[in-house]
Amino acid sequence: MKEIFLNPQLWAATLAMATPLALPALGGTFSERSGVVNIAMEGIMLIAAFFAVVFAHATGSAWLGFLGAIIVGLIVALIFAWAAVSLTANQIILGMAINIFASGITAYLLNTMYGFTGTPTDTPMLPTIEIPGIKSIPFLGQVLSGHSVVVYLMIIILFISDYFLFHTNLGLRLRAVGENPEAAETAGINVIKLRYLGVALSGILSAMGGAYLSIGVLNSFNPDMTSGRGYIALAAMIFGKWTPFGSFGAALLFGFATALSMQLQNTAFSKNIIMMLPYIVTILALVGVGGKSVAPAADGVPYTPKK
Amino acid sequence: MKNILKELYIPVVAVLIAIIVGSIIMLITGFNPITAYISLFIGAFGSVNNIANTLANAVPLILTGLGVAISFKAGLFNIGAEGQYWIGAIVGVWIGYSFTGLPWYIHIPFALIAAMVAGGLWAGLIPGLAKAYTGANEVITTMMMSYIAIYFSHFLLEFGPMMDKSGTIPQSPVIKESAVIPFLIKNTQLSYGIFIALAAAIFVYWLMFKTTWGFEMRAVGYNQRAAKYAGMNVPLNMVFSLGLSGAFAGLAGAVQMLGVQHRLYDSFTSGYGYTAIVVALLANNHPIGVIFAAILFAALGTGSQYMQLNAQVPGQMADVITGLIVFFVAAHRIAEVIKDLLARRQKKEVKA
């Protein structure tokens with residue numbers, strides 16, 4: 001057991017596994033802080049993962065693939081925002097709709113565009129980065145260096161997100177809209193616009209998470225390859241009490257559970273029991289064990305502006 | 001009659017728009033939507049066997065859909081029917097293979113009732129009590145419980161206590177003859193389970209609309225504060241509605257095991273728990289509507305396989321259309337927006 005924890009691969013895998021959870025979890029933080037529950041992040045990730053491969057292969061550039069994925073993710077998020085914010089449709093049901101649609105359309109297009117052989121094998125991948133200095137430190141270098149560029153991008157976005165949400169005027173307004181939209185509107189804040197912003201940010205970050213899976217870790221797309229990560233990200237965000245660093249910490253914990261279950265594949269201890277832990281921990285957090293997680297007051301409640 | 005038409009308006013329009021958008025997607029990707037839809041229809045309803053398989057597909061959808069509809073009516077979002085289905089399937093199969101010497105009229109009801117209790121506890125005990133007494137959002141807790149249930153089934157089947165020791169494939173032993181719900185039509189998947197599903201729909205209708213208990217559940221769903229002032233026990237109602245909701249999802253799992261699969265396979269999803277949400281939504285949570293909505297989505301499922309073989313359109317088109325239907329049902333205010341736009345344009349034209 002001891003050598004498993006001393007193996008730097010476990011900790012490197014933890015960080016790698018946490019990235020596709022942390023990105024949508026950060027996105028979900030923006031969306032829910034503005035008052036919109038975005039379950040559609042799962043579907044947005046999946047669609048982005050697919051189009052990352054499409055654009056990367058068509059242009060021969062992984063970066064253009066990444067950009068294309070973000071644009072497609074943003075478009076889907078804006079459609080969701082339009083229905084959820086402007087048409088005040090039920091956010092949970094809309095999210096389910098987009099997730100079912102995403103699962104269908106990506107598998108459908110995979111078949112029609114590439115046939116049954118899967119996505120082309122010459123699809124370019126996003127680069128990995130060796131950090132000079134840290135790279136040569138024993139153990140730490142193996143854990144922190146040599147990851148996909150998206151991993152480091154996520155860390156940068158993490159700090160920006162925290163600064164934006166808690167240290168800027170716009171961040172304060174975004175949070176006000178999710179807590180008490182009526183009061184925010186009275187104070188002259190455009191509730192609708194800020195909710196669009198929150199959802200758009202969640203779409204962009206989810207798309208990055210999806211693209212990381214398809215052209216960061218691999219260079220191919222498989223049907224339903226996000227396998228519920230958008231939902232797990234929501235759990236991470238809740239466990240992290242709707243804060244960027246909390247979300248990241250929870251994503252690390254969930255990433256650790258996944259990495260550990262992979263290492264334990266050949267031991268007597270069942271990996272399936274380990275895989276349950278993140279979900280159990282999330283329920284405990286919601287029920288209030290170890291400090292209750294409380295959602296923004298107007299989270300999930302559509303708002304109709306007073307005329 | 002007028003009321004029924006009004007109720008049908010949103011789902012029918014949503015289905016039509018979804019079919020049109022689906023056609024556009026097929027045209028863009030180089031398929032003829034008309035031949036696709038014709039082969040979809042033939043696949044679902046073209047022969048006695050096809051109809052039987054569509055109805056067989058509808059059985060778990062009716063039962064899980066009823067479960068979700070109950071929770072929606074009570075103002076709760078049980079989106080964890082998938083997990084409750086698995087728990088019901090686990091318990092149903094376990095009773096099915098581990099008890100011997102029981103007559104069928106004891107063995108089958110025993111397995112079904114135990115599965116209902118297990119599914120009910122899975123939804124009512126943790127998500128229900130957590131919602132009622134700590135306010136924990138049931139959307140998240142039921143979803144988390146789904147993942148726990150699925151990993152629990154992996155744990156049981158992958159070299160765990162429920163794995164069939166005679167082989168190396170992660171699957172349970174086959175249930176005993178006395179626990180099998182017999183097939184209604186040979187060489188199809190349709191078992192007598194269809195009658196259980198139909199009876200369940202009628203039972204839920206009676207419960208929701210003809211009993212005090214159902215009235216209280218609907219009252220709590222409609223306006224919690226008013227229900228509280230009327231002297232109803234709101235927390236207890238929440239626990240019961242989530243429990244009842246889980247019980248029907250659990251029943252779905254057991255009926256599927258005893259009637260169709262006869263053993264539990266290792267898998268990541270049955271898919272029924274998620275489609276159940278769509279079924280309840282399209283039916284506007286009406287128990288009788290659930291039957292028709294379940295048949296519609298079951299038909300999309302069976303028809304799409306035929307469509308893939310005969311019109312070469314990938315079967316996932318069914319999911320695309322399902323997603324679109326749900327989207328347009330949820331966003332039904334699109335109609336108002338379009339009406340507004342048209343009215344405004346007409347005004348402009350009049351002015352000009």
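The basis for the numbers below is simple: all heavy atoms, side chains too, and nothing from hydrogens, waters or symmetry mates. Just so it is clear: chains get the letters A, B, ... in the order the sequence lines come, proteins before strands, and each one is counted from 1.
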(request) Below 4.5 Å from any heavy atom of chain A, which atoms of Phe155(B) appear? Answer side chain, backbone, both or neither. (result) both

(request) Kindly determine whether Thr29(B) and Tyr108(A) satisfy side-chain hydrogen bond (donor to acceptor under 3.5 Å, both in side chains), including the steps that lead there. (result) CA-CA 10 Å; Thr29(B) 45; Tyr108(A) 177 85; 2.7 Å; yes

(message) What I'd like to find out is whether the side chain of Asn137(B) reaches to under 4.5 Å of the side chain of Val37(A), using heavy atoms alone.
(response) no

(message) Does any backbone or side-chain atom of Val278(B) lie under 4.5 Å from a heavy atom of chain A? Answer side chain, backbone, both or neither.
(response) side chain

(message) Would you say that more than 12 heavy atoms from the other residues, nucleotides or ligands in this model lie under 6.0 Å from the OH of Tyr222(B), or not?
(response) no

(message) Between Phe152(B), Phe77(B), Tyr147(B), who has the most heavy-atom pairs with chain A when the cutoff is under 4.5 Å?
(response) Tyr147(B)

(request) May I have the step-by-step check of side chain to side chain contact (heavy atoms under 4.5 Å, CB included) for Thr141(B) and Val287(A), ending in yes or no? (result) CA-CA 9 Å; Thr141(B) 51; Val287(A) 173; 5.5 Å; no

(request) Kindly compute the distance separating CE (Met276(A)) from CE (Met144(B)), expressed to the nearest 0.5 Å. (result) 14.0 Å

(request) Measure the spacing between OH of Tyr274(B) and OG of Ser103(A) and express it to the nearest 0.5 Å. (result) 11.5 Å

(request) Against chain A, label Ile325(B) side chain, backbone, both or neither, depending on which of its atoms sit under 4.5 Å from a heavy atom there. (result) neither

(message) Using a 4.5 angstrom heavy-atom cutoff, name the option from Tyr279(A), Trp82(A), Phe101(A) with the most pairs to chain B.
(response) Tyr279(A)

(request) Evaluate the side-chain proximity of Phe327(B) to Ile93(A): yes if any heavy-atom separation is below 4.5 Å, no if none is. (result) no

(request) Specify the closest pair of heavy atoms between Gln316(B) and Gly104(A), including all atoms of both residues, with the distance to one decimal. (result) CB-O, 3.5 Å

(message) Rounded at 0.5 Å granularity, tell me how far CG in Asn111(A) sits from CE in Met317(B).
(response) 12.0 Å

(request) State the CD-CG distance between Glu158(B) and Asn272(A), to the nearest 0.5 angstrom. (result) 4.5 Å

(request) Give, as side chain, backbone, both or neither, the part of Ser86(A) having an atom under 4.5 angstrom from any heavy atom of chain B. (result) backbone

(request) Below 4.5 Å from any heavy atom of chain B, which atoms of Ile238(A) appear? Answer side chain, backbone, both or neither. (result) side chain

(message) Please classify the contact of Gln312(B) with chain A as side chain, backbone, both or neither, using a heavy-atom distance under 4.5 Å.
(response) neither

(request) With a 4.5 angstrom heavy-atom cut-off, could you sort out which part of Met143(B) is near chain A: side chain, backbone, both or neither? (result) side chain

(request) Might you confirm whether atom OH of Tyr9(B) has over 12 heavy atoms from other residues, nucleotides or ligands at distances under 6.0 Å? (result) no

(request) Measure distances from Phe31(B) to the heavy atoms of chain A and classify the residue's part below 4.5 Å as side chain, backbone, both or neither. (result) side chain

(request) Tell me, for Gln308(B) versus chain A, whether the close heavy atoms (under 4.5 Å) come from the side chain, the backbone, both or neither. (result) side chain

(request) Quick one: closest heavy-atom pair of Ile105(A) and Val320(B), and the distance? (result) N-CG2, 3.4 Å

(request) Check Ala331(B) against Ala83(A) and note the closest heavy-atom contact, atom names and distance. (result) CB-CB, 4.1 Å

(request) With rounding to the nearest 0.5 Å, note down the distance linking CG in Asp319(B) to CG in Asp224(A). (result) 8.0 Å

(message) Is the shortest side-chain heavy-atom distance between Thr112(A) and Val313(B) below 4.5 Å?
(response) no

(request) Please flag which part of Ile280(A) lies under 4.5 Å from any non-hydrogen atom of chain B: side chain, backbone, both or neither. (result) both

(message) Heavy-atom pairs under 4.5 Å with chain A - which of Thr322(B), Ile140(B), Ile126(B) has more of them than the others?
(response) Ile140(B)

(message) Rounded at 0.5 Å granularity, tell me how far OG1 in Thr275(B) sits from CD1 in Ile100(A).
(response) 6.5 Å

(request) Tell me, for Ile277(B) versus chain A, whether the close heavy atoms (under 4.5 Å) come from the side chain, the backbone, both or neither. (result) side chain

(message) Please classify the contact between Met275(A) and chain B as side chain, backbone, both or neither, with a heavy-atom cut-off of under 4.5 Å.
(response) both

